[in-house]
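See below for the structure under consideration.
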Amino acid sequence: MKAVGGIRLDVTGTENFLSAADLQAMAPAVLAAAAELEQGTCPGSEYLGWLDLPDRITEEEFQAIEASAARAREDSSLYVVIGIGGSYLGSRAILDALGGSAEGCPEILFAGTGLCSASLSRVLKKCKGRDFRICMISKSGTTLEPAVAFRTLRTMLEDQFGKEGAAERITAITDTSRGALRQLATEEGYETYIIPDNVGGRFSVLTPVGLVPLAVAGVDVRALVAGASSMRKACLAEDMSANPAHMYAAVRHGLYQQGFTTEVMSTFHSDLQTVQEWWKQLFGESEGKGGEGIFPASTVFTTDLHSLGQYVQDGKRNLQETFLCVRNAVSELTVPGDEAEGGNLDGLNYLTGRTLDDINWKAYEGTKNAHLSGGVPCTSLEIDRITPEVIGGLLFMFEKAVGVSGRLLGVNPFDQPGVETYKKEMFRLLGKPS
């Protein structure tokens with residue numbers, strides 16, 4: 001497939017399992033699923049606000065976010081984002097993919113992502129005695145993990161800056177009018193942004209949930225949104241061969257029907273590891289219902305080739321693999337030569353002058369060939385270089401694909417009823433009053 005938005009989808013590694021005729025036969029169902037999304041007739045249609053979100057963000061909204069980010073950069077060296085699941089994974093994925101905060105911008109820390117005391121303790125130690133701000137992200141304000149972190153960090157902030165000073169350093173991203181966080185933000189006068197009612201958490205990266213922390217970190221959020229907007233246009237194409245979201249959804253679903261029930265996303269670019277985590281939530285939470293769904297897993301190569309590589313190559317053949325690869329990362333990093341007498345003991349002189357990026361790409365090509373020979377159907381998403389535009393397009397492509405894919409499975413891609421089960425049992429064991 002021709003590159004779209006700097007991303008090339010290659011499905012030739014599935015040809016031994018899915019013929020061109022097989023894919024063509026799926027086209028009507030894919031188009032019908034896509035039409036349900038665009039027309040708002042699918043289950044969960046009240047949560048389709050993400051679909052045209054890249055085209056709805058206004059200049060006024062961009063300016064407000066950029067002004068907030070400028071204030072944070074002026075008075076803080078740390079910016080703590082508190083949230084769980086979709087409330088933090090999108091911004092963290094993009095930030096990690098782009099190499100972290102820009103020079104002169106606050107370091108972004110994440111808290112409330114779980115209940116591990118060691119993790120929160122590390123954040124508290126970093127913040128102690130430092131100029132920091134808090135960005136609390138929650139529709140309700142009562143989700144246990146972020147609520148505990150917020151209470152703890154807010155207490156530290158108030159001890160350090162006083163109640164009024166702390167209030168000026170807290171940003172709340174929450175519901176329009178309801179919930180504990182909305183009430184507290186109104187009472188204390190926190191800077192506030194809205195999570196749209198029609199956008200679920202795992203689809204919220206292009207709302208203030210993602211854009212506010214990313215702007216603080218110096219990410220070009222306008223370019224990010226522009227990349228998503230361009231991908232949205234590409235993903236409206238009826239010709240599946242020109243539509244990466246539809247093609248990706250069709251291929252993975254066709255393989256699922258043949259018994260390839262686990263999808264392993266493999267990357268050779270370690271900065272994309274959190275993108276994989278975001279992808280796992282997006283697909284796992286959207287598809288895993290009613291006994292259906294492809295189980296999403298991830299590996300970082302070549303590291304995991306020395307641990308999980310044996311299983312992927314030779315284990316149970318229920319795996320389909322999607323490679324997420326970047327050709328150019330740090331092009332100036334090359335292998336030095338060793339021409340000293342008695343040198344070249346490591347036998348690497350044949351690589352002298354070659355870039356690590358080139359070597360890594362050959363590792364990807366070799367791994368793909370090996371896994372194909374082992375009976376693993378392989379799809380590839382090949383990227384020349386990670387930029388805000390490219391990462392924005394990539395994430396939107398996945399969002400559109402999971403909407404289509406969920407409907408191909410016959411499930412509502414926009415709810416998550418199973419997530420509540422663990423909460424009920426946990427609260428029972430904690431003795432929470434009813």
Sidechain-backbone polar pair: [X] side chain, [Y] backbone, donor-acceptor under 3.5 Å:
X: R202; Y: G86; result: no
X: R92; Y: W278; result: no
X: S19; Y: D22; result: yes
X: D304; Y: S307; result: no
X: N318; Y: T262; result: no
X: S286; Y: L282; result: yes
X: D175; Y: R178; result: yes
X: S68; Y: A64; result: no
X: T322; Y: T379; result: no
X: T207; Y: V209; result: yes

Kindly indicate whether the side chain of [X], heavy atoms from C-beta on, has any atom under 4.5 Å from the side chain of [Y].
X: Y248; Y: L9; value: yes
X: R133; Y: I170; value: no
X: C42; Y: L37; value: yes

Heavy-atom closest contact ([X] atom, [Y] atom, distance):
X: T192; Y: R182; answer: CG2-NH2, 3.1 Å
X: S373; Y: Q313; answer: OG-NE2, 3.8 Å
X: V219; Y: L95; answer: CG2-CD1, 4.3 Å
X: L98; Y: P388; answer: CD2-N, 3.9 Å
X: K139; Y: P196; answer: NZ-O, 3.3 Å
X: K368; Y: S380; answer: NZ-OG, 3.0 Å

Count the heavy atoms belonging to other residues, nucleotides or ligands that lie under 6.0 Å from [atom1] of [X], then report whether that count exceeds 12.
X: K128; atom1: NZ; answer: no
X: F260; atom1: CZ; answer: yes
X: E46; atom1: CD; answer: yes

Kindly compute the distance separating [atom1] ([X]) from [atom2] ([Y]), expressed to the nearest 0.5 Å.
X: R327; Y: N360; atom1: CZ; atom2: CG; answer: 11.0 Å
X: I82; Y: I134; atom1: CD1; atom2: CD1; answer: 5.0 Å
X: R317; Y: Q258; atom1: CZ; atom2: CD; answer: 14.5 Å

> Residues in ring pair (Phe, Tyr, Trp, His ring centres under 6.0 Å) with F203, at least two apart?
Replying inline: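 Per chain and number, F203 pairs via ring pair (Phe, Tyr, Trp, His ring centres under 6.0 Å) with W50, F414.
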Looking only at the side chains, is there a donor atom on one of [X] and [Y] sitting less than 3.5 Å from an acceptor on the other?
X: S405; Y: R252; value: yes
X: D384; Y: N328; value: yes
X: E277; Y: T274; value: no
X: S76; Y: R169; value: yes
X: S241; Y: D239; value: yes

> Does a side-chain N-to-carboxylate-O contact under 4.0 Å join D55 and R232?
Replying inline: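 Here D55 pairs with R232 in a salt bridge, since their nearest N and O are under 4.0 Å apart.
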>> Check K289 with D415, please: is the shortest side-chain N to carboxylate O separation under 4.0 Å?
In response: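 Counted as a salt bridge, because a side-chain N and a carboxylate O are separated by less than 4.0 Å.
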>> Classify the ring geometry of F150 against Y190: parallel below 30°, tilted from 30° to 60°, perpendicular beyond 60°.
In response: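 Ring orientation, 0 to 90° scale: perpendicular.
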>> Applying the side chain to side chain donor-acceptor pair (under 3.5 Å) criterion to Q63, which one of E61, E60, E66, E59 satisfies it?
In response: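 Only match with Q63 under side chain to side chain donor-acceptor pair (under 3.5 Å): E59.
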Which donor-acceptor pairs under 3.5 Å do the side chains of residues 292-302 make with protein atoms, sequence neighbours left out?
{"from": "E292", "atom 1": "OE1", "to": "Y256", "atom 2": "OH", "distance (Å)": "2.6"}
{"from": "S298", "atom 1": "OG", "to": "K280", "atom 2": "NZ", "distance (Å)": "3.1"}
{"from": "T299", "atom 1": "OG1", "to": "S266", "atom 2": "OG", "distance (Å)": "2.7"}

>> Is there a side-chain contact (heavy atoms from CB on, under 4.5 Å) between L430 and R428? Walk through the geometry before answering.
In response: CA-CA 5 Å; L430 287 170; R428 183 187 69 79; over 6 Å; no
